[in-house]
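Notes for the one structure printed next.
Start at 1 with the first residue, then count along the sequence.
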Amino acid sequence: MDYQVTMPFKGVSADDRRLDRRKRLVGAAFEIAGTEGAGALGVGRVCQAAGLTKRYFYESFASFADLQSAVVDYAIAAMSERVDPFRPSEPGGPPQSWIEAFVGALVDDECLARVLLAETHGGALSAFRHQIIDVAIAGMAPTGSDPQADLRARLVAFAQIGTLSELCLAWHQGQLAMERSTLVEVLADLFVRIEGARSAAPGTSSSSSHA
């Protein structure tokens with residue numbers, strides 16, 4: 001029977017120490033996934049990088065899948081912190097600031113780009129792809145709107161985030177020879193053109209819905 005320490009140590013409560021250990025494990029796992037790929041993750045590897053023994057891994061995570069989920073949540077939170085302040089304030093609002101924040105986050109943080117775009121596209125974190133897309137779509141919607149309520153708006157948002165993700169990843173991998181400012185300009189133009197397809201295309205109206 002394991003003895004659970006509950007008394008404060010050096011003024012830090014047991015709960016705070018557990019939270020700190022979990023943060024260290026998630027941070028270490030994120031760095032590994034972002035530099036070596038999520039396939040390199042393992043209990044021993046993560047614990048070694050975090051400077052903790054395996055007992056602390058199972059203190060924080062019921063399974064290895066829980067750690068993978070935590071890494072994705074960590075990446076989503078990091079991206080949201082960068083882009084949320086630049087969400088359009090109203091439908092049809094200019095996307096330039098949002099795109100600049102989005103691209104800037106992916107350019108500035110190689111680990112973030114790899115975890116969000118590459119490892120969840122066809123890597124070991126692919127099971128979390130839809131979660132990332134849903135969060136991105138919600139983040140692109142104007143403040144106070146409901147992207148789930150409009151089917152065509154959601155389809156357009158899928159096209160927009162897919163375009164942003166693929167072009168940013170290709171640029172990050174050196175497949176697109178252009179300056180960062182040019183990339184943002186191109187993405188902004190594509191973003192607006194795809195948005196225009198919502199009203200131009202026949203079929204489902206903005207008020208239509210399907211069960």
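At least one side-chain heavy atom of W98 sits less than 4.5 Å from a side-chain heavy atom of R87. Residues E185 and D189 have side chains not in contact (no heavy-atom distance under 4.5 Å, counting atoms from C-beta outward). Counting only heavy atoms from C-beta outward, the side chains of L41 and F64 approach each other to under 4.5 Å. Residues V107 and W171 are in side-chain contact: their nearest non-hydrogen atoms beyond the backbone lie under 4.5 Å apart. Contact check for C47 versus Y56: no side-chain heavy atoms found under the 4.5 Å cut-off. The shortest distance between side-chain heavy atoms of V43 and Y58 falls below 4.5 Å. Side-chain contact check for M79 versus I132: every heavy-atom pair is 4.5 Å or farther apart.
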Side chain to side chain contact (heavy atoms under 4.5 Å, CB included) for S60 and R18? Distances and angles first, verdict last.
CA-CA 8 Å; S60 297; R18 281 193 292 270; over 6 Å; no
With side chain to side chain contact (heavy atoms under 4.5 Å, CB included) as the test, would you mind laying out the steps for T35 and E110 before giving the verdict?
CA-CA 8 Å; T35 55; E110 294 184 14; over 6 Å; no
Run the side chain to side chain contact (heavy atoms under 4.5 Å, CB included) check on H172 and L106 step by step: do they pass?
CA-CA 8 Å; H172 195 74; L106 297 177; 5.8 Å; no
Show your reasoning for whether side chain to side chain contact (heavy atoms under 4.5 Å, CB included) applies to Q68 and F128.
CA-CA 9 Å; Q68 293 176 315; F128 303 95; 3.8 Å; yes
Between D16 and S13, does the side chain to side chain donor-acceptor pair (under 3.5 Å) criterion hold? Intermediate values first, please.
CA-CA 5 Å; D16 285 344; S13 71; 3.3 Å; yes
Can you list the steps and then say if E59 with R22 is a salt bridge (charged side-chain N to carboxylate O under 4.0 Å, His left out)?
CA-CA 8 Å; E59 169 192 69; R22 189 180 192 281; over 6 Å; no
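Here the closest non-hydrogen pair linking A105 and L112 is O-CD2, 3.9 Å. Of all heavy-atom pairs between R180 and G104, the closest is NH2-CA, 3.0 Å. Between A49 and I32, the shortest heavy-atom distance links the atoms CB-CD1, 4.1 Å. When all heavy atoms of M178 and L183 are compared, the closest pair comes out as SD-CA, 3.5 Å. Minimum heavy-atom separation, C168 to L187: SG-CD1, 3.9 Å. Between F86 and A101, the shortest heavy-atom distance links the atoms CD1-CB, 3.5 Å.
Hydrophobic clustering keeps L19 apart from Y74 (ILVMFWY residues linked when any side-chain heavy atoms are closer than 4.5 Å, directly or through intermediates).
In this structure, S165 OG and Q160 CD are separated by 11.5 Å, a value rounded to the nearest 0.5 Å. To the nearest 0.5 Å, atom CG of residue L155 and atom CD1 of residue I194 are 12.5 Å apart.
A donor-acceptor pair under 3.5 Å is formed between the side chain of R24 and the backbone N or O of A50. Side chain of T163 to backbone of A159: a donor-acceptor contact under 3.5 angstrom is found. Judged by distance alone, the side chain of S69 and the main-chain N or O of A65 form no donor-acceptor pair under 3.5 Å. D66 places a side-chain N or O within 3.5 Å of a backbone atom of A62 that can act as its donor or acceptor partner.
More than 12 heavy atoms of other shown residues, nucleotides or ligands fall within 6.0 angstrom of atom CD in E36. The number of heavy-atom neighbours closer than 6.0 Å to CD of Q173, taken from other residues, nucleotides and ligands shown, is above 12. Counting non-hydrogen atoms of neighbouring residues, nucleotides and ligands closer than 6.0 angstrom, the CD atom of Q175 exceeds 12 such neighbours.
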Taking distance alone, no hydrogens or angles, what donor-acceptor pairs closer than 3.5 Å link side-chain atoms of residues 117-126 to residues at least two apart or in another chain?
{"unit_1": "E119", "atom_1": "OE1", "unit_2": "A38", "atom_2": "N", "d": "3.0"}
{"unit_1": "E119", "atom_1": "OE2", "unit_2": "R114", "atom_2": "NE", "d": "3.0"}
{"unit_1": "T120", "atom_1": "OG1", "unit_2": "L116", "atom_2": "O", "d": "2.5"}
{"unit_1": "T120", "atom_1": "OG1", "unit_2": "R129", "atom_2": "NH1", "d": "3.4"}
{"unit_1": "S126", "atom_1": "OG", "unit_2": "G123", "atom_2": "O", "d": "3.1"}

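The pair R82-D108 counts as a salt bridge, with a side-chain nitrogen and a carboxylate oxygen less than 4.0 angstrom apart.
Qualifying ring pair (Phe, Tyr, Trp, His ring centres under 6.0 Å) partners for F57, counting only residues two or more places apart in sequence or in other chains: F61.
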